[in-house]
Amino acid sequence: MTIKHHPGDLLLLDYASGALGEGWSLAVATHLALCPTCRQSKTDMEAIGGALLEDQNPATSSGLSFDHIEAQLNLQSDEVVRPTVKRATERTPILPEPLRSYLGADLDTIDWRRLGIGAYHRLVPTEDAATTARLIKIPAGNPVPMHSHQGAELTLVVDGSFSDSTGNYGRGDFQEADETLQHQPEAGPDKDCICLVITDGPLRFKSVAARIAQPFLGI
């Protein structure tokens with residue numbers, strides 16, 4: 001598995017500092033479970049932030065500059081954390097933690113509900129009223145309707161793949177979208193695409209049929 005798309009530095013820094021809400025944090029934490037490179041970056045951010053806080057004079061401190069932290073990160077080792085190797089006889093879950101615990105099940109026991117837009121979904125329960133978390137399944141080779149966003153959207157591929165105007169995304173890849181992106185994700189031809197999707201506002205569908213159905217779909 002080669003992960004090509006990662007959370008931006010600002011998003012990862014907000015996660016490392018505890019500034020993200022539960023929904024956004026769930027997406028980042030699940031990506032970290034799959035991505036040793038970002039786990040190392042998070043560890044570096046936490047270590048540098050702690051060291052800078054210790055060195056600062058409380059009477060003159062006015063907060064930490066991200067540019068300063070980013071410059072310090074460039075001095076750190078590029079060593080990554082290696083994932084634990086499981087025995088061949090052990091079944092490796094498809095859904096990583098903490099997503100699997102939120103759902104209380106792995107992928108093979110998910111109770112899917114039809115979205116009516118060429119996809120299926122399962123709500124992921126959180127206590128974050130500001131966002132909605134969903135596990136989305138797009139059947140192999142199928143697109144979802146063209147849409148943009150009324151707010152932010154984080155998408156993490158946990159199985160299969162999809163492509164859109166921004167590139168190709170496989171297991172572990174992470175996409176950040178906002179109001180400026182209009183796209184039509186299409187699942188890869190060989191396998192259903194399973195994504196964790198976090199939003200803080202409804203989608204904006206281009207087709208009239210999708211807009212008419214939207215109030216009933218809750219998306």
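In what follows, every heavy atom counts, from backbone to side chain, and hydrogens, waters and symmetry copies are set aside.
L99 places none of its side-chain heavy atoms less than 4.5 Å from the side chain of L156. With contacts defined as side-chain heavy-atom distances shorter than 4.5 Å, the pair D200/W24 qualifies. In this structure, the side chains of F162 and T155 come closer than 4.5 Å at one or more pairs of heavy atoms. Annotation: side chain of T199 is not in contact with side chain of H149 (no heavy-atom distance under 4.5 Å). At least one side-chain heavy atom of F174 sits less than 4.5 Å from a side-chain heavy atom of L11. You'll find the side chain of Q175 stays beyond 4.5 Å of the side chain of H5, heavy atoms only. Counting heavy atoms from C-beta outward, C35 and T37 have side chains that approach closer than 4.5 Å. For the pair C195 and V158, the minimum side-chain heavy-atom distance is 4.5 Å or more.
Taking hydrophobic clusters as Ile, Leu, Val, Met, Phe, Trp and Tyr residues chained together by side-chain heavy-atom distances below 4.5 Å, Y169 does not share a cluster with L12. V157 is not connected to V124 by any chain of hydrophobic side-chain contacts under 4.5 Å among Ile, Leu, Val, Met, Phe, Trp and Tyr, and they are in different clusters. Cluster membership for M45 and V28, using ILVMFWY side-chain heavy atoms within less than 4.5 angstrom, is shared. Hydrophobic clustering places L103 together with I194 (ILVMFWY residues linked when any side-chain heavy atoms are closer than 4.5 Å, directly or through intermediates).
What you find for L123 and P125 is that their closest heavy atoms are O-CD, 3.6 Å. Nearest heavy atom pair, residue H147 against residue P185, reads CE1-CD, 3.8 Å. Of all heavy-atom pairs spanning E186 and G141, the tightest one is OE2-O, 3.6 Å. Here the closest heavy-atom approach between residue Y120 and residue P139 is recorded as CE1-CG, 4.0 Å. The shortest non-hydrogen separation linking A133 to T126 is CB-CG2, 4.3 Å.
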- Derivation and outcome, side-chain contact (heavy atoms from CB on, under 4.5 Å), residues L196 and L95: CA-CA 10 Å; L196 171 64; L95 297 181; over 6 Å; no
- Output, in order, the C-alpha distance, side-chain angles, deciding distance and verdict of side-chain contact (heavy atoms from CB on, under 4.5 Å) for S165 and L181. CA-CA 9 Å; S165 58; L181 177 64; 4.2 Å; yes
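Although no hydrogens or angles enter the test, the distance criterion places a donor-acceptor pair under 3.5 Å between the side chain of D192 and the main chain of A140. In this structure, D128 contributes its side chain and G21 its backbone to no donor-acceptor pair below 3.5 Å. Without hydrogens or angle criteria, N168 side chain to S163 main chain gives no donor-acceptor distance under 3.5 Å. Using modelled atom types, no side-chain atom of Q150 and backbone atom of G201 make a donor-acceptor pair closer than 3.5 Å. Under the 3.5 Å distance criterion, the side-chain polar atoms of R122 are left unmatched by any main-chain donor or acceptor of L135. Under the 3.5 Å distance criterion, the side-chain polar atoms of D106 are matched with a main-chain donor or acceptor of I94. The backbone N or O of A19 sits nowhere less than 3.5 Å from a side-chain atom of D14 that would complete a donor-acceptor pair. With E46 contributing its side chain and S17 its backbone, the two residues share no donor-acceptor pair below 3.5 Å.
The distance from the SG atom of C193 to the CD1 atom of I136 is 10.0 Å, given to the nearest 0.5 Å. To the nearest 0.5 Å, atom CG of residue L115 and atom NE2 of residue H121 are 4.5 Å apart. Taken to the nearest 0.5 Å, the CG atom of L154 stands 11.0 Å off from the OG1 atom of T30. Once rounded to the nearest 0.5 Å, the distance linking CZ of R171 with CG of D159 reads 6.5 Å. Rounded to the nearest 0.5 angstrom, T43 OG1 and L32 CG are separated by 8.5 Å.
Looking at residues two or more places apart in sequence or on another chain, you find a ring-ring contact (aromatic ring centres under 6.0 Å, His included) between H6 and H31.
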